[in-house]
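Below is one structure, written out as structure tokens; the observations come after it.
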Protein chains: 2
Amino acid sequence: MTPDIVSGVSQPPPRRPRKRSATRSVTLSDVAAAAGVSAQTVSRVVRDPLSVSDETRARVQAALTATGYVPNLAASNLASNRSRTVAALVPQINASVFADTVHAFSTALAAHGYQIFVGTTDYRPEHEEEVLRSFLGRRPDGLLVVGTRHTPGTLTLLGAAGVPVVETWGWSEDPVDLLVGFSNAAAAAAMVDHLVRRGRRRITFAGRHTSGDPRAAERLDGYHGAVRDLLGSEPRTVDAGPEPVTMDTGVALLDLALERYPDSDAVMFSSDVFAAGALQACVRRGIDVPGTLALAGFGDFELARHLVPALTTVAVPSAQIGELSAELLLTRMRGAAVDVPHRDVGYRVVAREST
Amino acid sequence: MTPDIVSGVSQPPPRRPRKRSATRSVTLSDVAAAAGVSAQTVSRVVRDPLSVSDETRARVQAALTATGYVPNLAASNLASNRSRTVAALVPQINASVFADTVHAFSTALAAHGYQIFVGTTDYRPEHEEEVLRSFLGRRPDGLLVVGTRHTPGTLTLLGAAGVPVVETWGWSEDPVDLLVGFSNAAAAAAMVDHLVRRGRRRITFAGRHTSGDPRAAERLDGYHGAVRDLLGSEPRTVDAGPEPVTMDTGVALLDLALERYPDSDAVMFSSDVFAAGALQACVRRGIDVPGTLALAGFGDFELARHLVPALTTVAVPSAQIGELSAELLLTRMRGAAVDVPHRDVGYRVVAREST
DNA sequence: GAACCTGTTGTTAGCGCTAGCGATAGCGCT
DNA sequence: AGCGCTATCGCTAGCGCTAACAACAGGTTC
């Protein structure tokens, strides 16, 4: 590497500095120069103001506002090997249930200086893997995923990430790491039980359970079990396939259910969105709900209690899932252990007018 | 490492390397070592595979999958001074109108390798500034904001960011940079016009216009102008204050309107969410809509056309706003100029049963 | 055969920040 | 005086990656 050392001190090769596109923004050392201190001290003022003397801190803070410094988090992440971000993977963000979870999660973590990335998988498992991979490039300090069923590739990535992971909105005997959720199967079974108590015997399940929504599939399982145990009859199900979770799809599911099982006395949907669409269609067509047909949803969206007739549904503590997940993650990101890493937040059948 | 160099050249201080917490993940040079090439070549395979010979590329790609390499984007951003991210600031993500915009925006940009950060301001302008500041720390390559009215601090930050900015969902004579939106005032005036044509004369405006929702305030302005011009009467308005945009608040607004202006023959709301809550309350109370009272919303959510009676509203091309914004930003981020930087996407009054 | 490409790979020097020390001064205690 | 402690601040060496150039082989042009 170094050429002849010989007698005199060999000069380093006189290369001129490379040209780099000048950075557009103020850096730590700009602020340091303005305040007459070292860059390290400015960094300390930004991250832990009390570790610097009052006088210095005042001078640095003045320089900070005078220069309009905005820290470069990429550099910070690289140097500290911490990103102070947490990634959340949800199927859909406009599905308001997840929005509540994400909002609560985000608020709780923001209070501790963490930012949240939200990625949507559009209910496509293979897409989940792709989104997760690109998120891991940002080296989040923690991960939240909706669901407990994942592709092998996703599991590998989650394991290799080397950070705490919370699975939510489901239940599993064998979670990846942390778990905050409830049993979708038990919740659906509870709804069947409710309908049976209300005298219904020919209960049809309508959902989107074959195309990438494992939660809907788990609810279907719960329905199956409950129908077998409580009614001893054959299950009646209709599936929306890959259709989006919209009220339009709900109407289509209703049509399908009435066509295939014309004698149904109740239809339970895998989402309030479906149920709301179906309910309004019934009102419009003059089908008596619950007289002729009982309808039930899942999720307890705000809409459910405002509809006429008000919609029976399963309430899930969405916001609590977000808060609790944040709490567990924070504990683990602090390096502490979590005493009870798997939390069942339960569910509640909310009986209203539609049944 | 190197042994002593004879004569008497003073050795550089023999400091051992500092201990750094070992990085948990595979780096470029790990892959390079595995493939027997330089780190730079691996980087090239990742970012521009065709710039490397077939044989080398195959070897590197094998090493890539064998090691399970996940690039560290913080390091990449720092070195290249490009983040390949775009930040979006919206008032609320669960308000489905914005969700449509964000979704379309995100999809269009993802196709070009950009990731989107979404930040919510909760309709609080001072919060917008704070969120924006923390987002700028990630040095996004572009910015999308909802609205055209901003605090001075926000304007300073937007200007200093040095990246293209799109304002959306409003209209302005003096935009910061790019603009994709429509006139909320004109849209509200068009709704008044529609109601007047339907024979309504005592039209009340109900919204959340005093507490940080500039779009609602603009709609109120449009209402004021139209009532003055078309009816020549005094405006009638009720305000939700800082209440959240929920159906519950919609019911409260209806109560307020009927209490303060009992002779109202129409109520127009600043959001479909409010209108939907009010409409269902009317159905429940037996108030004839539109016989006794016409109701109208804003946004044309899916819900609007499913309700019974179906809700008259103003349709705004939410998704188109997102797509067009992405397109303009992409052009600017490529370094090209945008020929028409301000785009009016318009609006459309959708007359349905509720009026 | 010199000069000039073109395609492919390697080398070097940072990007802006922070961890891990050192260095120094001031203080209390023996 | 000597020791140890704390508070405060600076120095250095990276974090993992990429821009910019250098180096070279093989071909083409005149």
Side-chain angles (χ1 to χ4, degrees), chain A residues 1-2 12-33 35-60 67 69-84 136-139, chain B residues 12-33 35-60 67 69-84 136-139:
Chain A
M1 188 178 289
T2 20
R15 45 175 77 259
R16 58 205 156 71
R18 311 288 175 86
K19 230 180 284 170
R20 269 269 164 126
S21 57
T23 302
R24 57 195 180 223
S25 50
V26 180
T27 72
L28 260 195
S29 28
D30 294 336
V31 181
V37 295
S38 74
Q40 179 66 82
T41 298
V42 179
S43 170
R44 279 192 271 254
V45 170
V46 172
R47 291 181 302 147
D48 181 17
L50 293 183
S51 67
V52 171
S53 72
D54 292 358
E55 192 218 356
T56 309
R57 182 177 344 114
R59 223 167 57 242
V60 171
T67 53
Y69 174 71
V70 177
N72 184 327
L73 299 183
S76 169
N77 297 352
L78 186 59
S80 66
N81 200 20
R82 302 186 55 207
S83 65
R84 301 201 73 89
L136 289 181
R138 309 217 173 263
R139 300 290 189 272
Chain B
R15 45 174 78 258
R16 58 206 157 72
R18 310 290 175 84
K19 229 180 284 173
R20 268 271 163 124
S21 55
T23 302
R24 58 196 180 223
S25 49
V26 180
T27 72
L28 262 194
S29 29
D30 294 336
V31 180
V37 296
S38 73
Q40 181 65 88
T41 298
V42 180
S43 170
R44 278 192 272 255
V45 170
V46 171
R47 290 181 301 147
D48 181 17
L50 294 183
S51 67
V52 171
S53 73
D54 292 358
E55 191 218 355
T56 309
R57 182 174 349 110
R59 225 171 51 244
V60 171
T67 53
Y69 175 70
V70 177
N72 184 325
L73 298 183
S76 170
N77 297 351
L78 187 60
S80 67
N81 199 24
R82 303 187 54 209
S83 63
R84 300 202 72 92
L136 289 181
R138 309 217 172 263
R139 300 291 188 270

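Numbered from 1 within each chain, the chains take letters A, B, ... in sequence-line order. Not measured: the values here are computed from a predicted model.
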I want to check one thing: is the phosphate of [N], taken as OP1 and OP2, less than 4.0 Å away from some side-chain N or O of [X]?
{"X": "A:Ser51", "N": "D:dA7", "value": "no"}
{"X": "B:Thr41", "N": "C:dG10", "value": "yes"}
{"X": "A:Ser43", "N": "C:dT18", "value": "yes"}
{"X": "B:Ser76", "N": "D:dT18", "value": "yes"}
{"X": "A:Ser80", "N": "C:dA19", "value": "no"}

To check you understand the geometry: which heavy-atom pair defines the closest contact between [X] and [Y], and what is its length?
{"X": "A:Arg139", "Y": "B:Val26", "value": "NH2-O, 4.3 Å"}
{"X": "B:Val60", "Y": "B:Val31", "value": "O-CG1, 4.4 Å"}
{"X": "B:Tyr69", "Y": "B:Thr27", "value": "CE1-C, 3.6 Å"}

Counting only distance, no hydrogens or angles, is the base of D:dC11 paired donor-acceptor with the side chain of A:Gln40 under 3.5 Å? yes
Whole Å only: how far is the [atom1] atom of [X] from the [atom2] atom of [N]?
{"X": "B:Asn72", "N": "D:dT18", "atom1": "CG", "atom2": "P", "answer": "10 Å"}
{"X": "B:Leu50", "N": "C:dT6", "atom1": "CG", "atom2": "P", "answer": "18 Å"}
{"X": "A:Leu78", "N": "C:dC15", "atom1": "CG", "atom2": "C1'", "answer": "9 Å"}
{"X": "A:Leu28", "N": "D:dC11", "atom1": "CG", "atom2": "P", "answer": "15 Å"}
{"X": "B:Arg82", "N": "C:dG14", "atom1": "CZ", "atom2": "P", "answer": "22 Å"}
{"X": "A:Asn81", "N": "C:dG20", "atom1": "CG", "atom2": "P", "answer": "11 Å"}
{"X": "A:Arg138", "N": "D:dC15", "atom1": "CZ", "atom2": "C1'", "answer": "17 Å"}
{"X": "A:Asp48", "N": "D:dT8", "atom1": "CG", "atom2": "P", "answer": "11 Å"}

Of A:Asp54 and B:Asn77, the one whose closest DNA chain D nucleotide lies more 5': A:Asp54
Among the nucleotides D:dC9, C:dT9, C:dC17, which one has an atom lying closest to any side-chain atom of B:Ser53? C:dT9
Among the nucleotides C:dT18, D:dC9, C:dC17, whichever has the atom closest to the side chain of A:Arg47 is C:dT18
Euclidean distance, A:Ser83 OG relative to B:Asn72 CG, rounded to 0.5 Å: 9.5 Å
I need the A:Asn81 CG to B:Ser25 OG distance, nearest 0.5 Å. 7.5 Å
Could you tell me which nucleotide pairs with C:dT8 by Watson-Crick or G-U wobble geometry, both distances under 3.5 Å, or answer none if nothing does? D:dA23
Ranking A:Pro71 and B:Arg44 by the position along DNA chain C of their nearest nucleotide, the one closer to 5' is B:Arg44
